[in-house]
Amino acid sequence: MAEQESLEFGKADFVLMDTVSMPEFMANLRLRFEKGRIYTFIGEVVVSVNPYKLLNIYGRDTIEQYKGRELYERPPHLFAIADAAYKAMKRRSKDTCIVISGESGAGKTEASKYIMQYIAAITNPSQRAEVERVKNMLLKSNCVLEAFGNAKTNRNDNSSRFGKYMDINFDFKGDPIGGHINNYLLEKSRVIVQQPGERSFHSFYQLLQGGSEQLLRSLHLQKSLSSYNYIHVGAQLKCSINDAAEFKVVADAMKVIGFKPEEIQTAYKILATILHLGNLKFVVDGDTPLIENGKVVSIIAELLSTKTDMVEKALLYRTVATGRDIIDKQHTEQEASYGRDAFAKAIYERLFCWIVTRINDIIEVKNYDTTVHGKNTVIGVLDIYGFEIFDNNSFEQFCINYCNEKLQQLFIQLVLKQEQEEYQREGIPWKHIDYFNNQIIVDLVEQQHKGIIAILDDACMNVGKVTDEMFLEALNSKLGKHGHFSSRKLCASDKILEFDRDFRIRHYAGDVVYSVIGFIDKNKDTLFQDFKRLMYNSSNPVLKNMWPEGKLSITEVTKRPLTAATLFKNSMIALVDNLASKEPYYVRCIKPNDKKSPQIFDDERCRHQVEYLGLLENVRVRRAGFAFRQTYEKFLHRYKMISEFTWPNHDLPSDKEAVKKLIERCGFQDDVAYGKTKIFIRTPRTLFTLEELRAQMLIRIVLFLQKVWRGTLARMRYKRTKAALTILRYYRRYKVKSYIHEVARRFHGVKTMRDYGKHVKWPSPPKVLRRFEEALQTIFNRWRASQLIKSIPASDLPQVRAKVAAMEMLKGQRADLGLQRAWEGNYLASKPDTPQTSGTFVPVANELKRKDKYMNVLFSCHVRKVNRFSKVEDRAIFVTDRHLYKMDPTKQYKVMKTIPLYNPLSQGLLLGGTNFRRAAIFSEGASSM
């Protein structure tokens, strides 16, 4: 079951509808489309409605949400079905396939691309280069095949005009290692003619709109689309595809895949050849047909790397062997035109098949040994044309609709078979469901000797000229009593059908009227042998390899080739057998309207598709007895919180017993059945009730878990904080001890040091001990000072006290107290101290020495005089061994006063240099003379 979405989006699984009816089915489908929910489940089938707009639901984030999840765990999505197929392949080593079906324009091609994108995104987590190369080539092959195999139709701008089944090979680790592509029934008639409002294949328009001028010149082409008869019908049509941009994308993709430059150029030459063939005109000269524009023949010969006369002969003549004779039979104008068109269709079909073959050659698994590398498993992706009903339905629509009948038959058989087998495995009684079995329509088309294809082949093998009208007459005579076949001859009152032209088949998808015009020719698929020999004899090796049958001799007798219808029937039977051997997953695509509008939901249009896709029958089969089933383990895992017997874990003998206890606790025992490994729930209401109970309990569980978790977080934070504080406390204690031990170590034996530890560097303290360090240093300094004072003689203490007093008085008055410098004495003569005045003072001092006959200078410096009126004046003192001079520095050190020092009364001043140094320190800051 899908993850429960809000009811405003409708029911995510049609199986869970209250009543299985078409009105309720359509109402749910419409509601989900209008709410932007384009995917809905029917059990394990995805119903996809084309949104006709880009949706942001395919990015990397979305991929991660579905990776490795069960179907019921996430809302419906293509990624869910792709992941289910991948898990089945990887876990159980079982080949799986994804069948994408629906009518043209329903979004099948886009669905296949998103599935490929998902598989590529979830594989190769180790980023192995070889695996990445394979993934890249598998993805790039899509755009190449779309360019050459898709076209704009009235229903779809990018309609697949061929069927494609791709096998992706995986190694034992689940990584892609290669692949193989099968293509079915390319609609090659589109090359030469298109219905109004439609275009030919994209490749022609991309070449003309995106090719460079140089390339187009080499191909003798011009950009004008209307210049070429084969494509001029769709020349003016608007298309959502950017042809010019896509041309470069396709060219780059072909290079990445591994196409050689000459191979890509050959593909362009074939496209150009077809365009030029369409412009060939035949005229009749008497009974002889001629080519009116012969220059075009030369261009075609150049592009095909062959001779002009050989091309012209192949277009105008047919070589016929009659016994031993070989004659050239001239064409009529009609035969020449038919041969030209058949040639154009054939070379395009060969080109397309060659492209598929080249891609397969490159991406196929090589040198894989299961004994060494493990089992090689496969996921198949089928993207094939949908059911088609056009205004004019011809041979191609007949084959396409037959293909859809076969796939619908397979779908019904496998769904019923899977349901029946599951009920039998689990021991649950099977209830028969009535459904439309389209085997009768399949037999109408393919039955040996009696089916339409057998009758068509008989008509093509008849000797003589057989017309389409004769074929229709054979159908009327052999199938006239069949309940699903009718024609105007059988129903004369049905004026929708034309006499001798139309017949009707009642398909599972609705009634389709086919025109028999062209059935014979298209089934014979006649191409004159002359064209095959022409291509085989080309000097271009790529072209030569495309036409191996051209080497046959003209007279060589060959077996009659199988007709186009028989070849297609055989390929469909082989495809269905291949799909039946794998575990299938389905994507059923629905087209909401014919206007390609993202807002319109056409009820009648969608109802018709729901009916012919058998979706309602699918729901009924799924709900034959039980709407929902799940293994006991997974059911218990999802709902065990509802019952106290199973939450959080049960102690019962088995999961089955635990599930029974849970169901009985809820009172649903009458609405369920117990299989061997699964529980089966009969009505959706029971499942919804379980979901509601689960949602209620989840709120309580979440609140409880939040409470427990918050308490856990609080306790964890408390323990961390407590531990941090403990660590911090011990760390601080450690740092303090370490600091004290380091101080003790550094200052050990400081009493015996000459400077009492003055040179010892203090260690950096921890932050908490910075104030303690300051106090400790103060204590140390006081102890050291006391130790120094103890060493001073008692007679010198007065002098020390005087110095200390002078220092205290002058603290803050001078920047430098001179305590950290050596005694010089004669400071006025010192250039470092008085650089401006030393030159003036020295001559004056020399003059006084000559005059007063002193021997030594004891001291000199600048002082400041303060008189009794507090007036300040600058002065200088000069002390020798004989006199003390007071000088005026502002007047060239003129001597203002002289005091002799040799008088006995002045002996107290003659105490030596220390006394004068002390006097100088004091007098400079504060004394007056």
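Taking the centre of each ring, F162 and F352 come in below the 6.0 Å mark. For F259 and W354, the ring centers are positioned less than 6.0 Å apart. Outside the 6.0 Å centre-distance limit, the rings of F395 and F568 are not counted as a close aromatic pair.
Shown here for A342 and T526, the closest heavy-atom pair between the two residues is CB-O, 3.6 Å.
Looking at residues two or more places apart in sequence or on another chain, you find a salt bridge (charged side-chain N to carboxylate O under 4.0 Å, His left out) between D525 and K188. Partners of Y586 by ring pair (Phe, Tyr, Trp, His ring centres under 6.0 Å), not counting sequence neighbours, listed by chain and number: F411. C239 meets the side chain to side chain contact (heavy atoms under 4.5 Å, CB included) test with K152, D157, R199, I241; sequence neighbours excluded. Scanning for salt bridge (charged side-chain N to carboxylate O under 4.0 Å, His left out) contacts around E198 gives R190, with sequence neighbours left out. Residues satisfying the side chain to side chain contact (heavy atoms under 4.5 Å, CB included) test with T357, not counting sequence neighbours, are D361. For S160, the side chain to side chain contact (heavy atoms under 4.5 Å, CB included) test picks out T109, N150, D383, with sequence neighbours left out. Evaluation of the ring pair (Phe, Tyr, Trp, His ring centres under 6.0 Å) rule for F471 yields F519 as partners, not counting sequence neighbours. For N570, the side chain to side chain contact (heavy atoms under 4.5 Å, CB included) test picks out L562, T566, with sequence neighbours left out.
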Side-chain donor-acceptor pairs under 3.5 Å in residues 276-283, sequence neighbours left out?
residue	atom	partner	partner atom	Å
H276	NE2	L219	O	3.1
H276	NE2	H220	O	3.2
N279	OD1	N229	N	3.1
N279	OD1	N229	ND2	3.4
N279	ND2	S227	O	3.1

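At distances below 3.5 Å, not a single donor-acceptor pair connects side-chain atoms of E312 with backbone N or O atoms of I291. A distance-only check finds no donor-acceptor pair linking the side chain of Y165 to the backbone of Y184 [under 3.5 Å]. Panel note: side chain E349, backbone A346; no donor-acceptor pair is recorded below 3.5 Å. Looking at K591, its side chain never comes within 3.5 Å of a backbone N or O of G107 through a donor-acceptor pair.
Residues V311 and L315 form a side-chain contact, since some pair of their non-hydrogen atoms from C-beta on lies under 4.5 Å apart. Two residues are said to be in side-chain contact when any heavy atoms from C-beta on lie closer than 4.5 Å; Q209 and L225 meet this criterion. Looking at heavy atoms from C-beta onward, N50 lies out of side-chain contact with I590 at the 4.5 angstrom threshold.
The ring-ring contact (aromatic ring centres under 6.0 Å, His included) analysis of residues 520-551, with sequence neighbours excluded, yields the pairs H331-F528, F343-F531. Sequence neighbours left out, the pairs with a member in residues 223-251 that pass ring-ring contact (aromatic ring centres under 6.0 Å, His included) are F247-Y268. Evaluation of the side chain to side chain donor-acceptor pair (under 3.5 Å) test over residues 511-520, restricted to residues two or more places apart or in two chains, returns N401-Y514, H507-Y514.
A salt bridge links K522 to E396: at least one charged side-chain nitrogen sits closer than 4.0 Å to a carboxylate oxygen. Under the 4.0 Å criterion applied to side-chain N and carboxylate O atoms, R504 and E498 are not assigned as salt-bridge partners. Residues D530 and R533 are paired through a salt bridge, judged by an N-O separation under 4.0 Å between the basic side chain and the carboxylate.
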